[in-house]
Undergrad: 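Below is one structure. I have some questions about it.
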2 protein chains.
Amino acid sequence: MSISNKISDSSVRRISIYLRILERMEKNGDETVSSEELSDHSGTTAAQVRKDLSSFGSFGKRGLGYGVSELALCIRKIIGVDRSWRVALVGVGRIGSALVDWGGFLDRGYDIVAILDVDPSKIGQKWSGLTVCDMDDFEDVVREQGVELIILAVPVEAVSDVVDRIADVGIRGILNFAPTTLRVPEGITVKDVNMVMELEALSFTLNQQKLKE
Amino acid sequence: MSISNKISDSSVRRISIYLRILERMEKNGDETVSSEELSDHSGTTAAQVRKDLSSFGSFGKRGLGYGVSELALCIRKIIGVDRSWRVALVGVGRIGSALVDWGGFLDRGYDIVAILDVDPSKIGQKWSGLTVCDMDDFEDVVREQGVELIILAVPVEAVSDVVDRIADVGIRGILNFAPTTLRVPEGITVKDVNMVMELEALSFTLNQQKLKE
DNA sequence: ACTAATATGTGAAGCTTTTCACAAGTAAAA
DNA sequence: TTTTACTTGTGAAAAGCTTCACATATTAGT
Ligand SMILES: NC(=O)c1ccc[n+]([C@@H]2O[C@H](COP(=O)([O-])OP(=O)(O)OC[C@H]3O[C@@H](n4cnc5c(N)ncnc54)[C@H](O)[C@@H]3O)[C@@H](O)[C@H]2O)c1
Ligand SMILES: NC(=O)c1ccc[n+]([C@@H]2O[C@H](COP(=O)([O-])OP(=O)(O)OC[C@H]3O[C@@H](n4cnc5c(N)ncnc54)[C@H](O)[C@@H]3O)[C@@H](O)[C@H]2O)c1
């Protein structure tokens, strides 16, 4: 599959953005798309789009562009969402419960198959057709449901407790919502959703603009 | 303030992470910290930490390290959170309402002073002491409350409607939760919280690992 | 069959970011 | 006062990423 051996993180992120655009075009019935069109909708350059895509193979037709659904399929294969991933949500609080209710994950190949918490008042309750499991049964639930990824939406203080238990149970990926850097054993990949960081990057930019004047 | 003239985005993001670590150390009563300690807790290198910090000035003492609360203060000034920002939340749905209830923004200098929606069944209701305003009154609310930043948590289809109205009312920054690239007029900065992108980056990594075997 | 128009794929150049290595500064102990 | 142990700040080198420019391929029209 992969031709080039090292793909940069920024390139992967852009490819994910291209997939969002292609999804919309697929719905819209568009058949082909040029690198320029993709760059327009994603805020990058046409050359960048072509370089990104060419590092995985040759998907386009010169003079024509890329086939929308064909390219979408290739990107799904590259990212690994040509199949469905089994996900467990740990921490059914404010953020966690918002995530379970959202259809956007399932649409894109991430199937939340289990939700867990430590709060006795939450355990046993139903959310979008799923029953909140007791964190005590974490290992059993993971095995029974074949969980591959964890969405971690617990308070900062509880993060390391959960991470300790993730290590032994064969899970290789975590999407973390707590604004802290996780220490994980080798072989486990973490990605962060860090809203405070984004806000701070935002106010930094605005602050610099003001200082320049 | 700024000595070096161009600060990279990655550097700003790392500095935000250093601030999280310093916040915890401040609470913990620690007085000094070395670049190595900061790198340990943030998953980067000591040289990187020093380069990042030195692009803004000289905050440390050779042989000793950095003063925790002193450095935190400097970073807050750099980022622009040595004062409070007035924020409005647009879209009080699943994600939106989770955000309003969270104290983490206010703690870090982002004060949600208004919440708005179009849904008549939501308008007038209270969330964490704030009343949901009618989106029809958007411009008035922004002016009355002195809103500087928008947190945008509306469905993808509604995004461009809201963005069109943001342009004319003096707002310069948007934190966007919709998984789409915003087209904004010059002078408005957008940062995205893109959970699907993070998940896709995660499964890409896992997929590559599997292919290597 | 030929021309015009269009758009990809890619080596090379240019630019940015990270890592390296060490001089220079600080404090405490001898 | 001198030595020792430690840690910053920073040029310079290395690595990585983006932009450029053009040969190459495809289609449509004449
Ligand atoms: N709410 C937000 O808007 C928001 C925004 C940014 C980041 N975050 C971060 O996301 C995380 C969750 O935030 P929240 O607002 O949903 O918190 P919350 O307190 O509403 O929910 C946390 C949930 O985790 C559960 N929990 C605690 N310890 C647990 C454990 N060891 N195992 C399993 N479950 C456990 C709690 O019972 C609770 O249901 C926090 O780290 C928070 O800092 C939240
Ligand atoms: N819920 C999640 O877990 C999740 C995860 C990732 C991304 N997102 C994205 O975040 C956004 C919000 O998601 P959600 O799940 O909270 O949706 P939601 O449907 O629960 O809430 C959206 C809210 O926006 C309001 N709204 C619609 N049009 C509006 C307009 N023009 N002006 C003001 N308000 C308007 C609706 O009335 C509703 O209250 C969406 O773009 C979604 O794709 C959500």
Side-chain angles (χ1 to χ4, degrees), chain A residues 1-18 21-22 25 30-68 70-72 74-75 78 201 204-205 208, chain B residues 1-18 21-22 25 30-68 70-72 74-75 78 201 204-205 208:
Chain A
M1 181 91 236
S2 77
I3 287 175
S4 197
N5 28 345
K6 196 73 193 174
I7 312 294
S8 76
D9 201 56
S10 353
S11 178
V12 174
R13 278 152 198 280
R14 283 191 301 266
I15 281 175
S16 167
I17 292 171
Y18 306 153
I21 298 165
L22 292 166
M25 296 185 105
D30 299 344
E31 303 220 325
T32 63
V33 62
S34 67
S35 57
E36 198 179 346
E37 224 169 325
L38 280 171
S39 72
D40 265 6
H41 288 89
S42 60
T44 181
T45 64
Q48 182 75 84
V49 172
R50 292 200 299 274
K51 255 270 143 69
D52 284 339
L53 296 177
S54 74
S55 62
F56 295 104
S58 188
F59 308 122
K61 281 206 168 58
R62 298 187 179 194
L64 246 193
Y66 303 87
V68 169
E70 192 194 341
L71 183 57
C74 290
I75 293 184
I78 291 163
F204 172 80
T205 304
Q208 291 293 100
Chain B
M1 181 90 237
S2 78
I3 287 174
S4 196
N5 27 345
K6 196 74 195 176
I7 312 294
S8 75
D9 201 57
S10 352
S11 180
V12 175
R13 277 153 198 281
R14 282 192 301 266
I15 280 175
S16 166
I17 291 171
Y18 307 152
I21 298 165
L22 293 167
M25 295 186 106
D30 299 343
E31 303 221 323
T32 62
V33 62
S34 67
S35 57
E36 198 181 347
E37 223 169 326
L38 279 172
S39 72
D40 265 6
H41 288 89
S42 59
T44 180
T45 64
Q48 182 77 82
V49 172
R50 294 200 296 277
K51 255 272 143 69
D52 284 339
L53 295 177
S54 74
S55 62
F56 296 104
S58 189
F59 308 122
K61 279 205 169 59
R62 297 185 179 196
L64 248 192
Y66 303 88
V68 169
E70 193 194 340
L71 183 56
C74 290
I75 292 184
I78 291 163
F204 171 81
T205 304
Q208 292 294 100

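Please read these numbers as outputs of a predicted model, since none were measured by experiment.
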Undergrad: Evaluate whether atom CD of B/Glu37 has more than 12 neighbouring non-hydrogen atoms of other residues, nucleotides or ligands under 6.0 angstrom away.
TA: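 Yes, because the 6.0 Å sphere around CD of B/Glu37 holds more than 12 heavy atoms from other groups.
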Undergrad: Distances for protein N/O vs nucleotides 27-29 of chain C N/O pairs under 3.5 angstrom?
TA:
none

Undergrad: Nearest 0.5 angstrom please: B/Lys51 NZ to B/Ser8 OG, how far?
TA: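 The distance works out to 11.5 Å.
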Undergrad: To the nearest 0.5 Å, what is the distance between CG (B/Asp40) and OG1 (B/Thr45)?
TA: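 Answer rounded to 0.5 Å: 11.0 Å.
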Undergrad: Please tell me if the side chains of A/Phe56 and A/Ile7 come closer than 4.5 Å, counting only heavy atoms from C-beta onward.
TA: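 Yes, their side chains come closer than 4.5 Å.
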Undergrad: Need one value for A/Ser11: base, sugar-phosphate or nothing, where a base atom within 4.0 Å counts as base even if backbone is also close, heavy atoms only.
TA: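 No contact.
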Undergrad: Check the distance between C/dA7's C1' and A/Leu53's CG and give it to me in whole angstrom.
TA: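 After rounding, the gap between these two atoms is 13 Å.
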Undergrad: Is the phosphate of C/dT17 approached by B/Gln48 (side-chain N or O, under 4.0 Å from OP1 or OP2)?
TA: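 It does not, given that no N or O in the side chain of B/Gln48 lies less than 4.0 Å from OP1 or OP2 of C/dT17.
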Undergrad: Taking atom types as they are modelled, would you say the side chain of B/Lys51 forms a donor-acceptor pair with the base of D/dT10 within the 3.5 Å cutoff?
TA: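 No pair found.
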Undergrad: Between B/Ser34 and D/dT7, does any side-chain N or O lie under 4.0 Å from OP1 or OP2?
TA: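 No, no such contact exists.
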Undergrad: Taking the side chain of B/Thr45 as heavy atoms from C-beta outward, which of C/dG9, C/dT19, C/dT17 is closest to it?
TA: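 Selected nucleotide: C/dT19.
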Undergrad: Could you grab the distance from atom CD1 of A/Ile17 to atom CG of A/Leu22, nearest 0.5 Å is fine?
TA: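 A/Ile17 CD1 to A/Leu22 CG: 12.0 Å, rounded to 0.5 Å.
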Undergrad: Working to the nearest 0.5 angstrom, can you tell me the gap between B/Tyr66 OH and B/Glu70 CD?
TA: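 One finds 11.0 Å between OH of B/Tyr66 and CD of B/Glu70.
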Undergrad: Look up atom OH in B/Tyr18 and atom OG1 in B/Thr44, then write down how far apart they are to the nearest 0.5 Å.
TA: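 Between B/Tyr18 OH and B/Thr44 OG1, I get 5.0 Å after rounding to 0.5 Å.
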Undergrad: Let me know the distance between CG of A/Asp52 and C1' of D/dT19, rounded to the nearest Å.
TA: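 Going from CG in A/Asp52 over to C1' in D/dT19 covers 13 Å.
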Undergrad: Over how many whole Å does the gap from A/Ile7 atom CD1 to D/dT18 atom P extend?
TA: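 Interatomic distance, CD1 of A/Ile7 to P of D/dT18: 12 Å.
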Undergrad: Any base atoms under 4.0 Å from A/Ser35, or only sugar-phosphate, or nothing? Heavy atoms, all strands.
TA: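 A/Ser35: backbone/sugar contact only, no base atoms under 4.0 Å.
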Undergrad: Can a side chain N or O of A/Arg50 be found less than 4.0 Å away from OP1 or OP2 on C/dG9?
TA: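 No, because none of the side-chain N or O atoms of A/Arg50 sits under 4.0 Å from OP1 or OP2 of C/dG9.
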Undergrad: Is any side-chain N or O of A/Ser58 closer than 4.0 Å to OP1 or OP2 of C/dG9?
TA: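 It does, given that an N or O in the side chain of A/Ser58 lies less than 4.0 Å from OP1 or OP2 of C/dG9.
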Undergrad: Hey, does the side chain of A/Tyr66 come within less than 4.0 Å of D/dT26's phosphate (OP1/OP2), counting only N and O?
TA: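 No, outside the criterion.
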